[in-house]
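Since we're looking at a predicted model, the values are computed, not measured. Below, each value reflects all heavy atoms present in this structure, side chains not excepted, and no hydrogens, waters or symmetry copies. For this chain, numbers begin at 1 and follow the sequence in order.
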Amino acid sequence: MAKIFQVTARAGMTRVVEPVARGLLRAGVSPNAVTVTGTVGVLVGALGFGARGHLVIGALIVTVFALTDLLDGTMARMSGGSTRFGAFLDSSMDRIADSAVFGAVAYWLATEQQYSGLAAALLCLAAGGLVSYVKARAEGLGMTSNVGIAERTERLLIVGVGGLLTGLGVDPALEIALWLLAAVSIFTVGQRMIHVYRQAQLVGRE
C-alpha cells in the first residue's frame, strides 16, 4: 500500500530542499548539526508552545523543524552518504522529538480535561515508538521493514494539521487526527510485522 505522503510529494520537497542543503554544506554546516537543530526546534514548538495551548504557532514551528529530516538526509547524500554515527544520531533525535510532540499534546489535552483525546495521544506515542522499533529490530536481524502507510513524516503531518485546525477554532480536529493517527500507526506496525514474517519464512526455507 502506498504511503500517505506520496513519493512524488517527497520528490517535490527534495527539489526545494537541495539548494538549501548545498548552501549549508558550502557554509561548513554538518548534517549532524542540522539534525540536532531540528530536534531543538521541535522541542521548542512542542513544549514551549503546544503544551501551553498555543497550538497554531506550536504546530507551525514543529512542522518547519520536522522538515529538517529531509534536509539533513539530503546533506548527508550530497556529502558522500550518512555515517554510522549520523544514522544513529538521526534516529535518536527523531525519538526525542516524537516523544516531545505527543507528550506535549497529551499534557495539554489533560489540562483541558479532554480525556478521549488524551487516550488517543498516549496510544499514538506508544504506537509510534513501536513503528520505529519494529523497523530497527528487523534491520538488526538482517531484514528490512521499510513499509507502511504512516512513517514519521506522515505521523507528524497528521498531528500538525489537527493541532493547527484546533488552534484556528475547529475544536474536534485534533482529537480526530489523533484517533486517525493511532489507527494508521497500529496498521503500519501490522504491515511491518507481516513483512518481516514473510522474509523470515523465506530465510527458513533456504
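Partners of R137 by side-chain contact (heavy atoms from CB on, under 4.5 Å), not counting sequence neighbours, listed by chain and number: Y133, L141. Under the rule for a side chain to side chain donor-acceptor pair (under 3.5 Å), the partners of S132 that lie at least two apart in sequence or sit in another chain are R95. Partners of T144 by side-chain contact (heavy atoms from CB on, under 4.5 Å), not counting sequence neighbours, listed by chain and number: H195, Q199. Applying the side-chain contact (heavy atoms from CB on, under 4.5 Å) test to V64 and every residue at least two apart in sequence or in another chain returns nothing. D90 is linked by a salt bridge (charged side-chain N to carboxylate O under 4.0 Å, His left out) to nothing, counting only residues two or more places apart in sequence or in another chain. Partners of Y197 under the side-chain contact (heavy atoms from CB on, under 4.5 Å) rule, at least two apart in sequence or in another chain, are Q201. With sequence neighbours left out, the side chain to side chain donor-acceptor pair (under 3.5 Å) criterion links R192 to E151.
The CG atom of L71 sits 11.0 Å away from atom CD of E18, with the distance rounded to the nearest 0.5 Å. Of the inter-residue distances, the one linking L157 atom CG with L67 atom CG reads 7.0 Å to the nearest 0.5 angstrom. Atoms OG1 and CG, from T166 and D171 in turn, are 6.5 Å apart once rounded to the nearest 0.5 Å. To the nearest 0.5 Å, atom CG of residue L125 and atom CG of residue L130 are 11.5 Å apart. Note that CD1 of I158 and CG of L180 are 5.0 Å apart. Values are rounded to the nearest 0.5 Å.
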Checking side-chain contact (heavy atoms from CB on, under 4.5 Å) for the pair L89/V36: CA distance, chi angles, key distance, verdict? CA-CA 8 Å; L89 179 67; V36 173; 4.1 Å; yes
Yes or no on side-chain contact (heavy atoms from CB on, under 4.5 Å) for R155 and T188, after CA distance, side-chain angles and deciding distance? CA-CA 11 Å; R155 296 197 302 271; T188 297; 5.8 Å; no
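Counting only residues at least two apart or on different chains, the side-chain hydrogen bond (donor to acceptor under 3.5 Å, both in side chains) pairs with a member in residues 25-39 are T35-D72. Residue pairs meeting the salt bridge (charged side-chain N to carboxylate O under 4.0 Å, His left out) criterion with at least one partner in residues 42-69, sequence neighbours excluded, are D69-R152.
Of all heavy-atom pairs spanning V62 and V42, the tightest one is CG2-O, 3.9 Å. Among all heavy-atom pairs drawn from S79 and P31, the shortest one is OG-CG, 4.3 Å. Across every non-hydrogen atom of A182 and C124, the tightest pair is N-SG, 3.5 Å. Of all heavy-atom pairs spanning M75 and A21, the tightest one is CG-CB, 3.5 Å. The two residues G117 and L178 come nearest to each other via the heavy atoms O-CD1, 3.7 Å. Considering all non-hydrogen atoms of both residues, A138 and S145 come closest at CB-CB, 3.8 Å.
Hydrophobic clustering, with ILVMFWY side chains joined whenever heavy atoms are under 4.5 angstrom apart, groups I57 together with L156. Follow the hydrophobic side-chain contacts under 4.5 Å out from L174 and you reach I61 in the same cluster. Under the 4.5 Å side-chain heavy-atom criterion for grouping Ile, Leu, Val, Met, Phe, Trp and Tyr, L122 is connected to V184 within one hydrophobic cluster. L168 and F49 are not part of a single hydrophobic cluster, where members link through side-chain heavy atoms under 4.5 Å apart. Under the 4.5 Å side-chain heavy-atom criterion for ILVMFWY residues, a single connected hydrophobic cluster contains both L70 and L24.
Hydrophobic cluster membership of L165, counting Ile, Leu, Val, Met, Phe, Trp and Tyr whose side-chain heavy atoms lie under 4.5 Å apart directly or via other members: V161, V170. I176 shares a hydrophobic cluster with no other residue; no ILVMFWY side chain has heavy atoms under 4.5 Å from its own.
In this structure, M78 places its CE atom where more than 12 heavy-atom neighbours from other residues, nucleotides or ligands lie under 6.0 Å away.
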Review item, side-chain donor-acceptor pairs of residues 100-116, under 3.5 Å, at least two apart:
residue : atom : partner : partner atom : Å
T111    : OG1  : W108    : O            : 2.6
S116    : OG   : E175    : OE2          : 2.7
S116    : OG   : W179    : NE1          : 3.3

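Under the 4.5 Å side-chain criterion, counting only non-hydrogen atoms from C-beta, L123 is in contact with I186. The side-chain heavy atoms of L25 and R22, taken from C-beta on, include no pair separated by under 4.5 Å.
Under a 3.5 Å cut-off, the side chain of S91 and the backbone N or O of F88 do not form any donor-acceptor pair.
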